Amino acid sequence: RELREELSTLGYNVSDGTEQIIALEPGPEPKTLALRKLLEQHGVYGAMFCAPATPKNRSLVRLTLNSGIGRAELARIVQACDEIRSQADVDSWSSTRRLRKLALV
């Protein structure tokens with residue numbers, strides 16, 4: 001919950017779900033691949049899912065948390081996501097646009 005809240009504060013749309021899996025959804029595959037590479041450069045590893053496992057243009061990187069992840073690791077994830085925000089162009093993601101639309105309703 002805390003990680004979702006911190007990522008939301010950074011502008012990531014992680015509102016879908018309450019479980020230990022957090023999806024970062026840039027949209028098209030090239031953006032998702034770029035996100036995965038940026039995260040890996042910061043020591044954060046997630047699984048990339050693309051069509052046909054996801055709807056077309058809704059590719060994502062899944063971060064899977066477990067009870068063995070401590071506060072230091074969670075802080076590293078938040079720091080990495082903060083540092084890559086502009087490079088990953090989070091504001092242009094389809095999931096970010098969907099979140100904005102929901103806020104207007």
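Model, not experiment: these values are computed from the prediction.
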Closest approach of V14 to S8 (non-hydrogen atoms, all atoms of both residues): CG2-OG, 3.5 Å

Got a list of side-chain donor-acceptor pairs under 3.5 Å for residues 65-77, not counting sequence neighbours?
{"unit_1": "N66", "atom_1": "OD1", "unit_2": "G68", "atom_2": "N", "d": "2.7"}
{"unit_1": "N66", "atom_1": "OD1", "unit_2": "I69", "atom_2": "N", "d": "3.4"}
{"unit_1": "R71", "atom_1": "NH1", "unit_2": "E2", "atom_2": "OE1", "d": "2.6"}
{"unit_1": "E73", "atom_1": "OE1", "unit_2": "G70", "atom_2": "N", "d": "2.7"}
{"unit_1": "R76", "atom_1": "NH2", "unit_2": "G43", "atom_2": "O", "d": "3.3"}

Considering all heavy atoms, the nearest L24-C81 contact: CD1-SG, 4.4 Å

Shared-cluster residues of L60, by chain and number - hydrophobic side chains joined below 4.5 Å: F49

Shortest non-hydrogen separation from S59 to P26 and the atoms involved: O-CD, 3.6 Å

Nearest-0.5 Å distance, NZ of residue K37 to CG of residue L39: 13.0 Å

Shared hydrophobic cluster for Y12 and V78 (ILVMFWY, side-chain gaps under 4.5 Å): yes

Side chain to side chain donor-acceptor pair (under 3.5 Å) partners for D82, two or more places apart: none

Results of side chain to side chain contact (heavy atoms under 4.5 Å, CB included) for Q41 - residues two or more places apart only: L38

Side chain to side chain, V61 and T32, heavy atoms closer than 4.5 Å: yes

Within residues 57-67 or reaching into it, pairs that qualify as salt bridge (Lys or Arg N to Asp or Glu O under 4.0 Å) - sequence neighbours excluded: E25-R58

Backbone N/O of S95 and side chain of N13: donor-acceptor pair under 3.5 Å: yes

R36: partners by side chain to side chain donor-acceptor pair (under 3.5 Å), with sequence neighbours left out: none

Results of side chain to side chain donor-acceptor pair (under 3.5 Å) for T54 - residues two or more places apart only: none

Trace of the side chain to side chain contact (heavy atoms under 4.5 Å, CB included) decision for L63 with V44: CA-CA 9 Å; L63 304 176; V44 176; 4.0 Å; yes

For residues 85-94, which side-chain donor-acceptor pairs fall under 3.5 Å, sequence neighbours excluded?
{"unit_1": "R85", "atom_1": "NE", "unit_2": "L10", "atom_2": "O", "d": "2.2"}
{"unit_1": "R85", "atom_1": "NH2", "unit_2": "L10", "atom_2": "O", "d": "3.1"}
{"unit_1": "R85", "atom_1": "NH2", "unit_2": "D91", "atom_2": "OD1", "d": "3.3"}
{"unit_1": "D89", "atom_1": "OD2", "unit_2": "S92", "atom_2": "OG", "d": "2.8"}
{"unit_1": "S92", "atom_1": "OG", "unit_2": "K31", "atom_2": "NZ", "d": "2.8"}
{"unit_1": "S92", "atom_1": "OG", "unit_2": "D89", "atom_2": "O", "d": "2.9"}
{"unit_1": "W93", "atom_1": "NE1", "unit_2": "A88", "atom_2": "O", "d": "2.9"}

Connected-component partners of Y45 among ILVMFWY, side-chain separation under 4.5 Å: none

Sequence-distant partners of R4, salt bridge (Lys or Arg N to Asp or Glu O under 4.0 Å), two or more places apart: E19

Connected hydrophobic set around L99, excluding itself, where side chains approach under 4.5 Å: none

Pairing residues for E83 by the side chain to side chain donor-acceptor pair (under 3.5 Å) criterion, not counting sequence neighbours: H42, Q79

